[in-house]
There are 2 protein chains.
Amino acid sequence: MFITFKKYISEKTVLSDRDWAIIKPLCIIKKLRKQQYLLQEGEIWKYHAFVCEGCLRRYSIDEKGIEHIIQFVIENWWAGDRESLANETPSRYNIDAIENSAVLLIRKDNFDIICKKIPEFNELMNTILQRSLNASQLRIEAAISFTAEEKYLHFIKSFPNIANRVPRRMLASYLSITPETLSKIKNQITKK
Amino acid sequence: MFITFKKYISEKTVLSDRDWAIIKPLCIIKKLRKQQYLLQEGEIWKYHAFVCEGCLRRYSIDEKGIEHIIQFVIENWWAGDRESLANETPSRYNIDAIENSAVLLIRKDNFDIICKKIPEFNELMNTILQRSLNASQLRIEAAISFTAEEKYLHFIKSFPNIANRVPRRMLASYLSITPETLSKIKNQITKK
DNA sequence: GCTTTCGCTTGATATTTATCAAGATGCTTT
DNA sequence: AAAGCATCTTGATAAATATCAAGCGAAAGC
């Protein structure tokens, strides 16, 4: 598990063995069974979380009890609730595992220590934050610009590796359409 | 104009006169007339831009020629296209002024110099990046969870100061509904 | 001051998407 | 292998939203 993380970081920046000696003891590996929560609404999120293996989803639940999936997170991406983490406020999100998964956790305080001691790490994390923002912007654009069919086509084009791993109804939730509509759209497309 | 920026920063962190002596010469004030572009699709964005006064919008244009407003930016917020800035790729967005506006620009290279020389500034900018991400997340949630009416009510509650400054049709674009629908919704609400 | 233009509203109609209900498929568990 | 449960599909109907067209009113230009 840890090796996945090390590989991920090493592809983006160069850290010394000494750096890794700082990082490694502060990492916690957590295995999640399918359906298991990583974070539940109302909790205060305290970690930076890197997904080594598996697939998670982050979602909110509205007053009608309907789940709205904000994000899927697969291996080599970061999970968690940055807002709750930064402001120390109760999270409005749930995060749970869609597949059996393994997550690498670093407590916020330890994470900050690493960032202070290792400027390259700090820099990389800012780059990643920047990328998250870019991804969010694309998601906003898709959500406000596309029809149901366009949203689906855009998604399978952008994330083919996620599309075939998540249940259809969850994909529908992510795309903000009903499972029935998604089913019909898929049907129409294959006819063409 | 510059004083607005100084006040904004000073509310969030403490910088010395020496720090300001570094920053000030690197700032460019740009005045924009209503309708004037700050950034046009295809250009590579090179600045960090702080809005001192006025109101801008950032939007993309789809293949059908329809504008989709991603964001409104008023005084004391940051504008620009971070993706284009970070990756040095042509921007997919347009940014123009809805009102006569004044923007403070800092070239990327100069901005990086400031960040290096003034750690407090650097830290603050990361916090702001973090906040932008939070704002994006909320926008995603609103876009995928709400009906047209809910989106409108949520917007005027969240941004009352923007709601009454932007033309109705632009608000409709932001909310991803037609101006006609917005008009009818407003009507229904006042009836209640 | 008059005209022109643009944005907003309103109503009629069309399209898209949601809802509801039933049946089909496939997985899991025993 | 059978039973039970989930999910996905399909069709009929309903609701939400878009489109189109016309009229109103206020701001901008002459």
Side-chain angles (χ1 to χ4, degrees), chain A residues 33-36 54-55 57 59 61-69 72 96-100 141-156 162-192, chain B residues 33-36 54-55 57 59 61-69 72 96-100 141-156 162-192:
Chain A
R33 293 244 176 79
K34 197 171 168 174
Q35 296 250 40
Q36 193 179 336
C55 182
R57 63 177 176 147
Y59 59 100
I61 301 178
D62 69 19
E63 333 76 59
K64 293 163 217 146
I66 299 167
E67 296 173 355
H68 300 278
I69 298 180
F72 295 114
D96 64 21
I98 296 177
E99 306 170 354
N100 293 337
E141 220 178 322
I144 69 172
S145 310
F146 293 161
T147 63
E149 181 175 340
E150 288 167 343
K151 282 194 243 180
Y152 173 68
L153 290 171
H154 179 256
F155 185 84
I156 57 174
I162 296 181
N164 50 31
R165 280 167 77 172
V166 303
R168 191 99 356 130
R169 92 204 128 78
M170 290 190 192
L171 180 51
S173 169
Y174 179 94
L175 299 176
S176 181
I177 58 179
T178 59
E180 292 94 332
T181 299
L182 179 54
S183 190
K184 285 160 193 172
I185 283 168
K186 246 205 66 186
N187 208 328
Q188 281 171 30
I189 291 169
T190 50
K191 272 182 194 162
K192 285 177 189 171
Chain B
R33 293 245 177 81
K34 198 172 169 173
Q35 296 248 40
Q36 192 179 337
C55 181
R57 62 176 179 149
Y59 59 99
I61 300 178
D62 69 20
E63 333 75 60
K64 293 161 217 147
I66 299 168
E67 297 174 354
H68 299 278
I69 297 180
F72 294 114
D96 64 20
I98 297 177
E99 306 169 355
N100 292 337
E141 219 179 322
I144 70 172
S145 310
F146 292 161
T147 63
E149 181 176 339
E150 289 167 342
K151 281 193 243 180
Y152 173 67
L153 290 172
H154 180 256
F155 185 84
I156 56 173
I162 296 181
N164 50 32
R165 279 168 75 172
V166 303
R168 193 94 1 124
R169 92 203 128 77
M170 290 190 189
L171 180 50
S173 168
Y174 179 94
L175 298 176
S176 180
I177 58 180
T178 58
E180 292 93 334
T181 299
L182 179 54
S183 191
K184 284 161 193 172
I185 283 168
K186 246 205 67 185
N187 208 328
Q188 281 169 29
I189 290 168
T190 49
K191 272 181 193 162
K192 287 178 189 168

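Letters A, B, ... mirror the listed sequences (proteins, then strands); counts begin at 1. Please read all numbers here as calculations on a predicted model, not as lab measurements.
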Among pairs that include at least one residue of residues 164-185 of chain A, which meet salt bridge (charged side-chain N to carboxylate O under 4.0 Å, His left out), considering only residues two or more places apart or in two chains? A:Glu75-A:Arg165, A:Glu99-A:Arg165
Could you classify D:dA6 for me, syn or anti, using a glycosidic angle within 90° of 0 as syn? syn
What is the separation between atom CZ on B:Arg33 and atom P on D:dA28, rounded to the nearest whole Å? 15 Å
Going 5' to 3' along nucleotides 4-21 of chain C, which nucleotides have protein heavy atoms under 4.0 Å from the base (write B), which only from the sugar-phosphate (write S), and which from neither (write -)? ---SSSBBB----SSBB-
Contact state string [nucleotides 25-30 of chain C, B base, S sugar-phosphate only, - no protein heavy atom under 4.0 Å]: ------
Rounded to 10°, the helix from C:dG1-D:dC30 to C:dA24-D:dT7 deviates from straight, judged by its five-pair end axes, by 50°
Are the side chain of B:Ser176 and the backbone N or O of A:Ala143 linked by a donor-acceptor pair below 3.5 Å? no
Check against side-chain contact (heavy atoms from CB on, under 4.5 Å), A:Ile189 and A:Tyr152: CA-CA 10 Å; A:Ile189 291 169; A:Tyr152 173 68; 3.6 Å; yes
Please determine whether side-chain contact (heavy atoms from CB on, under 4.5 Å) holds for the pair A:Ile98 and A:Met170, giving the CA-CA distance in whole Å, both sets of side-chain angles, and the decisive distance to 0.1 Å. CA-CA 10 Å; A:Ile98 296 177; A:Met170 290 190 192; 3.7 Å; yes
Test log, rule side-chain contact (heavy atoms from CB on, under 4.5 Å), inputs A:Ile177 and A:Ile185: CA-CA 10 Å; A:Ile177 58 179; A:Ile185 283 168; 4.2 Å; yes
A:Phe155: which residues meet the ring pair (Phe, Tyr, Trp, His ring centres under 6.0 Å) condition with it, sequence neighbours left out? A:Phe159, A:Tyr174
Can you check whether A:Ala142's main-chain N or O pairs, donor with acceptor, with A:Ser145's side chain at less than 3.5 Å? no
Could you walk me through whether A:Leu175 and A:Thr181 pass the side-chain contact (heavy atoms from CB on, under 4.5 Å) test, one step at a time? CA-CA 11 Å; A:Leu175 299 176; A:Thr181 299; over 6 Å; no
So, using ring pair (Phe, Tyr, Trp, His ring centres under 6.0 Å) as the criterion, who are the partners of A:Tyr59 when residues are at least two apart? none
Checking the side chain of B:Asn100 only, and the main-chain atoms of B:Lys34 only, is there a donor and an acceptor separated by less than 3.5 Å? yes
